[in-house]
Novice: 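Below: one structure in structure tokens.
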Amino acid sequence: MIRLYSTLGRALVDLEPRDEGKIGFYVCGPTVQSPPHIGHGRSAVAFDAIRRYLVWRGYDVTFVRNVTDIEDKIIEKAAEAGEDVAAFARKMEERFRDAYRRLGVLDPDVEPRATEHIPEMHELITTLIEKGAAYQAGDDVYFSVRADEDYGKLSGRDIDEMRSGTRIEPNEAKHDPLDFALWKGAKPGEPYWDSPWGPGRPGWHIECSAMARRYLGDDFDIHAGGTDLIFPHHENEIAQSETATGKRFARYWLHNGMVNLDGAKMAKSTGNVVDLATALDTYGGMPLRLLFLRAHYRAPIEYSAELVEEAAEAYRRIERLLERVPPTDAEADPGVLDAFREAMDDDFGTPEAVAVLFDTIREANRRLDAGGEADALVAAVREIVGVLGLDAGDTAGGLDEEAIRAVAAEFGVEADGDIEDAIEKLLAVRAEARQARDFATADAVRDGLSRAGVVVEDTPDGARWLRA
RNA sequence: GGCGACGUGGCCGAGUGGUUAGGCACGGGUCUGCAAAACCUGUUACCCCGGUUCAAUUCCGGGCGUCGCCUCCA
């Protein structure tokens with residue numbers, strides 16, 4: 001039985017899907033207003049790992065991750081860039097998609113865009129107005145939080161206490177300062193869609209309610225996103241959806257912790273960000289993915305170059321074992337898989353799962369060092385690595401070909417062709433030197449390659465090389 | 001001010017009422033021409049003060065500190 005921590009109720013609960021064996025999983029995807037940063041990567045990896053695990057456990061998972069491609073900030077940023085809003089949004093969306101793929105994040109089953117679901121939003125808004133839970137004020141339509149008796153149940157907030165807070169700006173058009181926009185009338189020059197309430201665009205929140213319902217139905221299983229979305233975004237989704245349908249919106253709410261830089265949250269609004277694509281170029285996707293998976297998805301994590309490098313070092317331990325033992329058709333060791341399952345069944349405990357992975361790696365190496373075989377253990381490692389999505393291959397930047405060719409030239413090796421051939425030829429030169437016990441030359445080749453970012457390791461079967 | 005999370009060894013980061021998390025780093029060792037890798041091994045733990053208990057890092061209370069949300073944000 002899988003147990004998971006739901007923010008709604010703040011407790012560990014058993015996973016009991018609406019439809020046996022099936023799971024509807026909705027993740028709040030990005031608002032495509034700027035390129036992705038590390039925090040977006042962390043969130044995507046966290047829920048991708050959970051999704052993969054659920055599939056591995058035999059569930060038929062429908063994974064939906066939306067793209068919010070119309071919103072105030074997008075309009076603002078597009079204007080600053082002097083670009084068409086839709087084109088700008090699409091460009092950003094591509095950047096997110098590319099970064100996700102490099103992190104080994106699987107494509108969603110459905111990736112709906114807000115701008116392509118305006119009619120579904122209109123339907124919800126109309127229902128809310130008919131029920132007296134929403135009202136038109138000027139060119140806008142607002143949801144009336146007073147219409148929802150449960151309002152605040154997700155974030156643990158009380159309407160009256162919030163109203164006395166100083167940070168809520170009274171707005172003449174709203175009946176209550178906490179009411180939020182379902183539909184915003186278009187100002188001149190802004191993109192708009194026609195609606196029963198005049199030309200305009202959707203408010204934030206409503207797109208997720210509409211798209212989740214369209215693809216997963218009411219009372220679907222898992223709704224996920226960052227902790228920073230709990231209020232107001234998810235709270236408002238629940239309010240508008242449940243008020244409109246009279247049914248539960250989602251059964252379980254999962255929230256990933258934030259990524260911190262020097263102890264403070266990485267956030268677009270403060271400029272306190274590290275660009276995800278840049279980090280991917282520097283370290284590769286898998287070290288970053290392992291960095292994320294080493295911590296529990298709900299805990300905040302710290303990001304720094306030093307920490308990714310550390311994760312990269314740890315990742316190489318996995319790679320080395322898998323290179324040491326080629327794939328076989330051996331059955332994965334059941335004891336190892338049990339330990340992995342136990343770790344993951346407990347609120348997707350990837351840190352423990354990773355510990356199981358490294359324990360198994362050590363045991364496998366131990367047996368191999370002792371001259372035995374470890375096929376079942378290595379098969380288990382491969383399986384776990386696959387479930388955690390740590391096998392996507394994007395491990396590091398390219399080789400420094402120029403430096404390698406320079407080394408080749410130094411030792412009179414022809415290196416016009418494939419760079420890997422050049423490395424092999426250099427290793428042959430070194431092997432010859434070693435054979436002749438000319439260790440000075442052998443070491444010079446190795447040192448040269450080392451400076452070019454290629455690590456040479458001698459094994460009983462000859463030398464092999466790895467990217468540094 | 002309100003709501004919530006958290007304080008673990010050099011760093012990151014799990015977990016548990018009494019028994020080794022794991023990774024990285026550092027020291028010693030085996031192996032190796034030397035290295036690297038791999039393996040063995042060593043070092044520094046559970047913020048403070050009370051309480052419950054045979055026993056608390058783990059439960060309860062208080063304190064101190066950090067962080068998040070309350071405004072757009074994964």
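Protein chains get the first letters and strands the later ones, always in sequence-line order, with residue 1 at the start of each.
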Novice: Once hydrogens and angles are ignored, does a donor-acceptor distance under 3.5 Å link the base of B/G33 to the side chain of A/Asp443?
Specialist: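 Yes.
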Novice: Starting at CZ of A/Arg289 and ending at P of B/A74, how long is that distance when rounded to a whole Å?
Specialist: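 From A/Arg289 CZ to B/A74 P: 19 Å.
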Novice: Whole-Å distance between B/G15 P and A/Glu342 CD?
Specialist: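 Answer to the nearest Å: 13 Å.
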Novice: Can you give me every donor-acceptor pair (side chain of residues 364-371 of chain A, partner residue at least two apart or in another chain, under 3.5 Å) with its distance?
Specialist:
unit_1: A/Asn365; atom_1: OD1; unit_2: A/Arg324; atom_2: NH1; d: 2.7
unit_1: A/Asn365; atom_1: ND2; unit_2: A/Ile361; atom_2: O; d: 3.3
unit_1: A/Arg366; atom_1: NH1; unit_2: A/Glu363; atom_2: OE1; d: 2.5
unit_1: A/Arg367; atom_1: NE; unit_2: A/Glu363; atom_2: OE2; d: 3.2
unit_1: A/Asp369; atom_1: OD1; unit_2: A/Arg324; atom_2: NH1; d: 3.3
unit_1: A/Asp369; atom_1: OD1; unit_2: A/Arg324; atom_2: NH2; d: 2.7

Novice: If you measure from the ring centre of A/Phe439 to the centre of the six-membered ring in the base of B/G33, is it under 5.5 Å, with the planes under 30° apart?
Specialist: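 Stacking is present between B/G33 and A/Phe439, given that their ring centres fall under 5.5 Å apart and the planes under 30°.
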Novice: When rounded to the nearest Å, what value does the distance between P atoms of B/G63 and B/A25 take?
Specialist: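 Nearest-Å result for B/G63 against B/A25 at atom P: 42 Å.
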Novice: Describe the nucleic acid contact of A/Ser269 in one word from base, sugar-phosphate, nothing, applying a heavy-atom distance below 4.0 Å.
Specialist: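 It contacts base atoms.
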Novice: What is the base-pairing partner of B/U20, counting Watson-Crick and G-U wobble geometry with both distances under 3.5 Å?
Specialist: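 By the stated definition (distances under 3.5 Å), nothing pairs with B/U20.
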Novice: Spell out yes or no: do the side chain of A/Arg446 and the base of B/A35 have one donor N/O and one acceptor N/O closer than 3.5 Å?
Specialist: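 Counting by modelled atom types and ignoring angles, a donor-acceptor contact under 3.5 Å is found here.
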Novice: Using both distances under 3.5 Å as the test, list the Watson-Crick or G-U wobble partner of B/C31, or none.
Specialist: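 Result: none.
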Novice: Under the ring-ring contact (aromatic ring centres under 6.0 Å, His included) rule, collect the residues that match up with A/Tyr252, sequence neighbours excluded.
Specialist: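 Expected list: none.
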Novice: With a 3.5 Å limit on both atom pairs, tell me what B/U57 is paired to, counting Watson-Crick and G-U wobble, or say none.
Specialist: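 Looking at the geometry, B/U57 pairs with no nucleotide.
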Novice: Provide the Watson-Crick or G-U wobble partner of B/U52, both distances under 3.5 Å; none if there is no partner.
Specialist: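 Pairing partner, where one exists within any strand: none, as none qualifies.
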Novice: Going by purine N1 to pyrimidine N3 plus the second Watson-Crick contact, or the G-U wobble pair, all under 3.5 Å, which nucleotide sits opposite B/U71?
Specialist: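 Pairing partner: none.
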Novice: Here's a test of your reading of the structure: between A/Glu302 and A/Arg430, which maps to the more 5' nucleotide of RNA chain B?
Specialist: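 Nearest nucleotide further toward 5': that of A/Glu302.
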Novice: Please report, rounded to the nearest Å, how far the P atom of B/G13 is from the CD atom of A/Glu306.
Specialist: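 So the two atoms are 12 Å apart, to the nearest Å.
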Novice: Can you find an N or O donor on one side and an acceptor on the other, under 3.5 Å apart, linking the side chain of A/Asp458 with the base of B/C34?
Specialist: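 Donor-acceptor pair under 3.5 Å: yes.
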Novice: Can you check whether any acceptor in the base of B/G23 is under 3.5 Å from a donor in the side chain of A/Arg317, or vice versa?
Specialist: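 Per atom types, no contact qualifies.
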Novice: What is the distance, rounded to the nearest whole Å, between atom CZ of A/Arg366 and atom P of B/C39?
Specialist: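 It is 8 Å, rounded to the nearest whole Å.
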